[in-house]
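If you read the sequence from its start, that first residue is 1, and numbering goes on from there.
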Amino acid sequence: MKKTISLLLAALLMFSLCACGSAKSDSASAGGYAAPAASEIYTEGSGASSYAEEADYGLAMLNSASADSSAAENASPDADTPELTPEKIIYSADVKVETTDFDGSISRVDELLAACGGWVESSSVNGANFYNITRGYASTRSASYTLRIPSSRFDELMNSLSALGNVPYTHTYTENVTAQYFDTEAHLKAYQTQEARLLEMMEIAESVEDIVTLEDRLTELRYRIESLQSTLKNWDRRVSYSTVYLSLQEVQEYTPEAEVKLSYGQRLWRSFSGGIKGAAAFFSELLVWLVGALPTLVILAAIVLILRPLFKKWSARRKEKKQRRSAPKTEVKTEDALK
């Protein structure tokens, strides 16, 4: 019985070296774990140690297979990459759009998504505040979207963004995860094979200690399998559906297109015209402020008119009191001077 288990351990070691030897150094970048050798499966307990020792007996019978495993271990991990199809590429983009018709642009976002078969993953809309609305100031509405689009319609959506308004900024990102994806997939298959082998060993294990050791190893393997499966599903989702981060801003005027070079006269004219626009905007806002403050100014003027006569009377009485206090002293001084 022990010799049979040793042969199974040696076979598991051979498979692990062939399937995961070269990929072990790349496991960190792929988000997975390197598959351990079969001889590492039993390292705890006295019964488990005896299995690890007898694994060398089976390994000695498979020297030629181990030599082939070493060759596979030294092979380049990217040797088969050109043959992998299709490539796993993730597309995403940041887009800023200016619009003078905010409500219309919001509606057109839904229309573009419906045409491309996408959906809104998240969104937020900031409206103009009450003060700006009542005073007639420039609107400050804006919206932010996280859009998910089928990768096959990504270019179509990007080319249709001009229907929303002016597009002063776009940035597209591409991330090729082909090597990491198939490397992770290889790790997953190796772990699944090890899981099947361990289940076979569970059937022939006799002692309770060996069964507990095998169950612990199975628990660890299944955790790693689930982790790699989650990573692959996440990549599949991001590859199948691209992400577009859209920022929609309401403006009074579109940002002018940048010119290659301006002459000195053009710079002067732009500065002058900008100054005129600034002065016009200042006096326009000043007039709006004065009209808004007019009721307050009228009330203040009325208060001043009412209080002004009272202030004059109070000032006159104060002057009379001063004169009365100073009059006797003046007469006394005059009589002294005559004597």
Side-chain angles (χ1 to χ4, degrees), residues 92-116 118 120-147 157-172 243-312:
S92 59
D94 287 331
V95 182
K96 180 180 179 181
V97 177
E98 298 174 338
T99 178
T100 55
D101 181 14
F102 187 79
D103 296 326
S105 297
I106 292 291
S107 300
R108 285 190 288 272
V109 169
D110 297 331
E111 294 174 1
L112 286 178
L113 286 177
C116 295
V120 178
E121 188 173 85
S122 64
S123 65
S124 63
V125 178
N126 298 320
N129 57 50
F130 177 78
Y131 181 82
N132 287 343
I133 293 174
T134 55
R135 296 297 186 273
Y137 294 156
S139 180
T140 57
R141 290 184 295 177
S142 62
S144 299
Y145 291 92
T146 300
L147 309 178
L157 177 73
M158 294 299 292
N159 295 330
S160 303
L161 290 174
S162 57
L164 304 178
N166 184 42
V167 186
Y169 174 81
T170 59
H171 191 101
T172 302
T243 306
V244 177
Y245 302 98
L246 173 63
S247 174
L248 190 64
Q249 181 69 46
E250 185 177 24
V251 296
Q252 299 299 317
E253 294 182 4
Y254 289 150
T255 301
E257 295 183 2
E259 298 183 12
V260 178
K261 187 176 181 181
L262 294 177
S263 64
Y264 187 72
Q266 289 175 327
R267 290 170 57 193
L268 289 176
W269 173 250
R270 282 201 172 186
S271 178
F272 179 72
S273 60
I276 292 177
K277 289 181 180 179
F282 171 76
F283 286 108
S284 175
E285 295 297 329
L286 179 62
L287 180 60
V288 171
W289 180 83
L290 288 174
V291 171
L294 185 60
T296 304
L297 295 176
V298 170
I299 294 173
L300 291 175
I303 293 174
V304 170
L305 291 175
I306 293 171
L307 294 178
R308 186 176 180 183
L310 298 176
F311 180 76
K312 286 182 176 180

>> Measuring only between side-chain heavy atoms, which start at C-beta, is R108 closer than 4.5 Å to L248?
In response: no

> With R141, which of D103, N126, V125 fulfils side chain to side chain contact (heavy atoms under 4.5 Å, CB included)?
Replying inline: D103

>> Rounded at 0.5 Å granularity, tell me how far OG in S247 sits from CD in E98.
In response: 9.5 Å

>> Nearest 0.5 angstrom please: L290 CG to T296 OG1, how far?
In response: 11.5 Å

> About how many Å separate CE of M158 and OG1 of T172, when rounded to the nearest 0.5 Å?
Replying inline: 4.0 Å

> Do I303 and I299 have side chains that get closer than 4.5 Å, going by heavy atoms?
Replying inline: yes

>> Nearest 0.5 angstrom please: T170 OG1 to L246 CG, how far?
In response: 11.5 Å

>> With heavy-atom distances below 4.5 Å as the criterion, would you say the side chains of L147 and V120 are in contact?
In response: yes

> Rounded to the nearest 0.5 Å, how far apart are CG of L113 and CG of L157?
Replying inline: 7.0 Å

> Which heavy atom of Y254 sits nearest a heavy atom of G165, and at what distance?
Replying inline: OH-CA, 3.9 Å

> Any side-chain heavy-atom pair from L164 and V109 closer than 4.5 angstrom?
Replying inline: yes

> If you measure from CG on D110 to OG on S105, what distance do you get to the nearest 0.5 Å?
Replying inline: 11.5 Å

>> Can you confirm whether Y145 sits close enough to V244 that some side-chain heavy atom of one is under 4.5 Å from a side-chain heavy atom of the other?
In response: no

> So H171 and Y169, would you call those rings parallel, tilted or perpendicular, with 30° and 60° as cut-offs?
Replying inline: parallel

